[in-house]
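Before any comments, here is the structure.
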Amino acid sequence: MHGNGRHEDGAAPRVVVGVSGSLGSLAALHRGAAEARDRGAVLVPVLAWEPPGGEHGYRRSPCPPLLAAVREAADQRLRGALDAAFGGADPGVPMRPVLVRGDTGPALLHIADRPDDLLVLGHSGGPLRRRLRRAVPAYCARRAGCPVLTVPAPELLHDLEALHRRTRWHLPVGPAPELLAAER
C-alpha cells in the first residue's frame with residue numbers, strides 16, 4: 001500500500017485520486033473509479049500525511065514512535081476511506097493505494113507527474129477548514145502537469161452543512177419549508 005506511485009513509461013494510464021476520508025473525497029473516489037474504468041487505467045488513491053506540527057516541528061523535536069503511530073493512523077484512514085467508498089467490494093479496476101508523507105497539494109502533484117495522468121479531487125472540507133488551509137483543488141489546478149478533475153460536493157454534504165448551520169443558530173430543524181409547501 002506504500003510507495004511513490006510512479007511507474008515506467010510504458011505502464012498503463014493512471015487516475016490519481018486525493019483521499020482524506022471526507023464525503024467529498026469519497027465522491028472523488030467513485031468518480032475516479034468510473035474514469036479509470038472508462039480509460040482502462042489504474043486507480044491510484046493517495047493520502048498525504050504529515051507529522052504533528054508539520055515537518056518543521058518534527059525536525060525540532062523528533063519522536064520516531066509518534067511518527068510511526070501517525071503513519072499507521074494515516075494508513076488506517078486510507079483503508080477506511082477505501083472501505084467506505086467501495087464497501088469492501090472490488091472497484092472493478094486495478095488499484096494501487098499510496099501513502100505519501102508531505103503537504104497534500106505538492107504530494108498529489110508528485111504522484112500525478114505524467115501528462116497522461118488524470119488527477120481527481122473532491123470538495124476540500126468545510127468553510128473553516130478552507131480558511132485555515134489552502135484549497136488543494138485550486139493549488140493542484142494551477143500547478144499540475146496533467147488534467148485535473150474537481151468533483152463537486154455531494155448533495156448530502158450540502159444538506160448536512162445546512163442542518164449544522166440551523167442547529168448552530170438554534171433554528172428549528174423540522175421539514176424544509178419547500179417540502180411543507182409541496183405536501184399541500
Side-chain angles (χ1 to χ4, degrees), residues 1-9 11 13-33 35-36 41-86 95-153 157 161:
M1 176 168 288
H2 314 292
N4 65 4
R6 294 173 182 244
H7 302 284
E8 294 78 36
D9 282 347
R14 300 179 303 171
V15 175
V16 179
V17 181
V19 177
S20 67
S22 69
L23 286 176
S25 76
L26 297 181
L29 270 171
H30 278 271
R31 181 62 185 267
E35 291 288 335
V42 174
L43 180 64
V44 183
V46 178
L47 187 135
W49 65 279
E50 291 184 286
E55 294 297 335
H56 250 350
Y58 185 75
R59 274 189 247 132
R60 292 182 72 200
S61 304
C63 179
L66 176 62
L67 189 65
V70 172
R71 186 179 195 292
E72 180 59 31
D75 186 44
Q76 289 174 0
R77 199 167 86 205
L78 178 57
R79 290 175 192 271
L82 294 173
D83 285 343
F86 302 119
M95 184 167 57
R96 294 191 186 106
V98 177
L99 277 179
V100 178
R101 180 176 170 179
D103 191 31
T104 305
L108 288 168
L109 295 181
H110 176 74
I111 299 299
D113 62 345
R114 300 186 321 200
D116 63 335
D117 287 342
L118 173 65
L119 180 57
V120 181
L121 303 168
H123 181 69
S124 61
L128 178 62
R129 181 177 168 102
R130 285 191 299 267
R131 279 189 214 112
L132 294 175
R133 297 179 56 95
R134 65 179 170 216
V136 172
Y139 176 88
C140 290
R142 282 192 305 269
R143 292 172 174 83
C146 66
V148 177
L149 174 63
T150 304
V151 178
L157 185 58
E161 287 174 350

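Small disclaimer: the values here were computed from a predicted structure and weren't measured. Side chains are part of it too, since the values below use all heavy atoms of this structure and drop only hydrogens, waters and symmetry mates.
- Contact of the Leu108 side chain with the Thr104 side chain is registered, since non-hydrogen atoms from C-beta on lie closer than 4.5 Å.
- A distance of 5.0 Å separates CZ of Phe86 from CG of Leu29, quoted to the nearest 0.5 Å.
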- Message: Working note: Val17 + Val46, criterion side-chain contact (heavy atoms from CB on, under 4.5 Å); need CA distance, chi angles, decisive distance, verdict.
- Response: CA-CA 6 Å; Val17 181; Val46 178; over 6 Å; no
- side-chain contact (heavy atoms from CB on, under 4.5 Å) between Leu119 and Ile111: does it pass, once the steps are laid out? CA-CA 9 Å; Leu119 180 57; Ile111 299 299; over 6 Å; no
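- The shortest side-chain heavy-atom distance between Arg114 and Cys146 does not fall under the 4.5 Å cut-off.
- The side-chain contact (heavy atoms from CB on, under 4.5 Å) test with Pro51 singles out one residue from Leu66, Val70, Leu67, and that residue is Leu67.
- Rounding to the nearest 0.5 Å places CD of Glu50 at 13.5 Å from OH of Tyr58.
- From Asp83, atom CG reaches atom CD of Gln76 across 11.5 Å, with rounding to the nearest 0.5 Å.
- To the nearest 0.5 Å, atoms CZ (Arg14) and CG (Asp116) are separated by 7.5 Å.
- In this structure the side chain of Leu43 never reaches within 4.5 angstrom of the side chain of Arg96, judged on heavy atoms.
- Put simply, the side chain of Arg142 never gets that close to the backbone of Pro137: no donor and acceptor are under 3.5 Å apart.
- The two residues Ala141 and Val148 come nearest to each other via the heavy atoms CA-CG2, 4.2 Å.
- Val100 and Ala107 get closest at one heavy-atom pair: CG1-CB, 3.5 Å.
- Note that CG of Leu149 and CZ of Arg31 are 5.0 Å apart. Values are rounded to the nearest 0.5 Å.
- Between Leu47 and Ser20, every side-chain heavy-atom pair lies at or beyond the 4.5 Å cut-off.
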- Message: Go through it in stages, so that I can follow the logic: the residues are Val44 and Val15, the test is side-chain contact (heavy atoms from CB on, under 4.5 Å), and I'd like the CA-CA distance, side-chain angles, deciding distance and then a yes or no.
- Response: CA-CA 6 Å; Val44 183; Val15 175; over 6 Å; no
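- Partners of Arg143 according to the salt bridge (Lys or Arg N to Asp or Glu O under 4.0 Å) rule, which considers only residues two or more places apart in sequence or in another chain, do not exist here.
- Between Cys140 and Leu121 the shortest side-chain heavy-atom distance falls below 4.5 Å.
- Side-chain atoms of Ser25 come within 3.5 Å of backbone atoms of Ser22 as a donor-acceptor pair (strictly under, hydrogens ignored).
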- Message: Run Val120 and Val151 through side-chain contact (heavy atoms from CB on, under 4.5 Å) and show every step you take.
- Response: CA-CA 7 Å; Val120 181; Val151 178; 3.7 Å; yes
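- Rounding to the nearest 0.5 Å places CZ of Arg77 at 11.5 Å from CH2 of Trp49.
- Scanning both residues, Leu78 and Val19, for their nearest heavy atoms gives CD1-CG1, 4.0 Å.
- Residues Arg59 and Glu55 are not paired through a salt bridge, judged by the lack of any N-O separation under 4.0 Å between the basic side chain and the carboxylate.
- Using a cutoff of 4.0 Å between basic side-chain nitrogens and carboxylate oxygens, Asp75 and Arg79 are scored as salt-bridged.
- Summarising the geometry of Leu26 relative to Ala81, their closest heavy-atom pair is CD2-O, 3.4 Å, with the distance given to 0.1 Å.
- Shown here for Pro147 and Pro115, the closest heavy-atom pair between the two residues is CD-O, 3.6 Å.
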